[in-house]
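Any value given below was found using the heavy atoms of this structure, including those in side chains, with hydrogens, waters and symmetry copies removed.
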Amino acid sequence: MNPVPMVRQLRTADGPAVRELHDDLSERDTYLRFFTLRPARLPQFVDRLVSDVARRAAIGAFVDDRLVGVASYEVASNSVSADIAVVVAHRARTQGIGTILLRDLVSLAQAAGLRRFTAEVLVENTAMLRVLRDCGRPSTVTRAGSVNHVVVELDAAWAADA
């Protein structure tokens, strides 16, 4: 039986754990997450991710006080949608961590008045595509070469009909 993760909003103090999670990714996992093997300015990315900013949210899943996954969104200029990203440590894959994180991120986004998530996902990243499909929200996927553009609807009216 897999332990149930504790999910909470990330804080500045979580920066080192977020950096360690990203540093521990395999080259393939790094490529699937960032579309490159060596993300530029990872320390600055982590600092931005854990900073408390109104147009961004980041949550982490912790098992035995160890960070095993992160989900985040950043509000787009239209103020009703947000770009999202999810990363889960290799050792925690297939335990539902990504799905749990995404569902909690949906709740945060709805409370903030967002109506949809968008994500750019490599076609070969079937695990992330599955997480997006399994989050319990209607979604559309449009393929453009090696990348899928995914839109996940968050509209609360849909939830009332479900």
Using side-chain heavy atoms (C-beta onward) and a distance below 4.5 Å, is Arg143 in contact with Val123? yes
Determine the minimum heavy-atom distance between Leu108 and Tyr73, stating which atoms define it. O-OH, 4.0 Å
Which residue, Arg19, Arg66, Arg8, forms the salt bridge (charged side-chain N to carboxylate O under 4.0 Å, His left out) with Asp14? Arg8
Side-chain donor-acceptor pair under 3.5 Å between Asp83 and Thr118, yes or no? yes
Nearest 0.5 angstrom please: Glu124 CD to Asn148 CG, how far? 11.0 Å
Can you see which heavy atom on Leu114 is nearest to which on Ala82, and at what distance? CD1-CB, 3.8 Å
In this structure, would Leu32 and Phe35 fall into the same cluster of hydrophobic residues linked by side-chain contacts under 4.5 Å? yes
Heavy-atom pair of closest approach, residues Gln9 and Ile59: CA-CG2, 3.9 Å
Minimum-distance pair of heavy atoms, taken over all atoms of Leu101 and Gly60: CD2-C, 3.8 Å
Do Val152 and Leu122 belong together in a cluster built from hydrophobic side chains that touch within less than 4.5 Å? no
Single-linkage hydrophobic cluster Leu25~Tyr31, side-chain heavy atoms < 4.5 angstrom: no
Check whether any side-chain heavy atom of Val151 sits under 4.5 Å from a side-chain heavy atom of Phe117, and report yes or no. no
Are the side chain of Gln44 and the backbone N or O of Ala40 linked by a donor-acceptor pair below 3.5 Å? no
Side-chain contact, heavy-atom cut-off 4.5 Å: Asp23 with Leu42? yes
Any side-chain donor near an acceptor of the partner, Asp104 and Ser107, under 3.5 Å: no
Note, Arg55 side chain near Ser79 side chain (heavy atom, < 4.5 Å): yes
Look at the rings of Phe34 and Phe45 and say which category their plane angle falls in: under 30° parallel, 30 to 60° tilted, over 60° perpendicular. perpendicular
Smallest separation among heavy atoms of Ala119 and Ile84, with atom names: CB-CG1, 3.9 Å
When rounded to the nearest 0.5 angstrom, what is the spacing between CZ in Arg133 and CG in Leu102? 12.5 Å
Do Val147 and Val150 belong together in a cluster built from hydrophobic side chains that touch within less than 4.5 Å? no
Main-chain N/O of Ser72 paired to Arg56 side chain as donor or acceptor, under 3.5 Å: no
First locate atom CD1 of Ile100, then atom SG of Cys135, and finally report the distance between them rounded to the nearest 0.5 Å. 13.0 Å
Backbone N/O of Asp29 and side chain of Ser26: donor-acceptor pair under 3.5 Å: yes
Quick check on Arg41: does its CZ atom have over 12 non-hydrogen neighbours (other residues, nucleotides or ligands) under 6.0 Å away? no
Determine whether a donor-acceptor pair (N or O, by modelled atom type, separation under 3.5 Å) exists between the side chain of Arg137 and the backbone of Glu153. yes
Check the pair Arg116 / Val80 against side chain to side chain contact (heavy atoms under 4.5 Å, CB included), numbers first and verdict last. CA-CA 7 Å; Arg116 73 189 59 84; Val80 296; 3.5 Å; yes
For the side chain of Arg93 and the backbone of Val88, is there at least one donor-acceptor N/O pair under 3.5 Å apart? yes
Check whether more than 12 heavy atoms from other residues, nucleotides or ligands sit under 6.0 Å from atom CG of Asn78, and answer yes or no. yes
Take atom CZ of Arg103 as the centre, draw a 6.0 Å sphere, and report whether it contains more than 12 heavy atoms from other residues, nucleotides or ligands. yes
How far does NE2 of His90 sit from CG of Asp24, to the nearest 0.5 angstrom? 12.0 Å
Just do the side chain to side chain contact (heavy atoms under 4.5 Å, CB included) check on His149 and Val141 with the steps written out, would you? CA-CA 6 Å; His149 177 74; Val141 179; over 6 Å; no
Quick check: closest heavy atoms across Gly69 and Ile97, and the distance to 0.1 Å? CA-CG2, 4.4 Å
CD of Glu74 to OG of Ser81: how many Å apart, nearest 0.5 Å? 11.5 Å
Looking at OG of Ser139 and CG of Leu129, how far apart are the two atoms once the value is rounded to the nearest 0.5 Å? 9.5 Å
Gln110 side chain to Leu154 backbone, donor-acceptor under 3.5 Å: yes
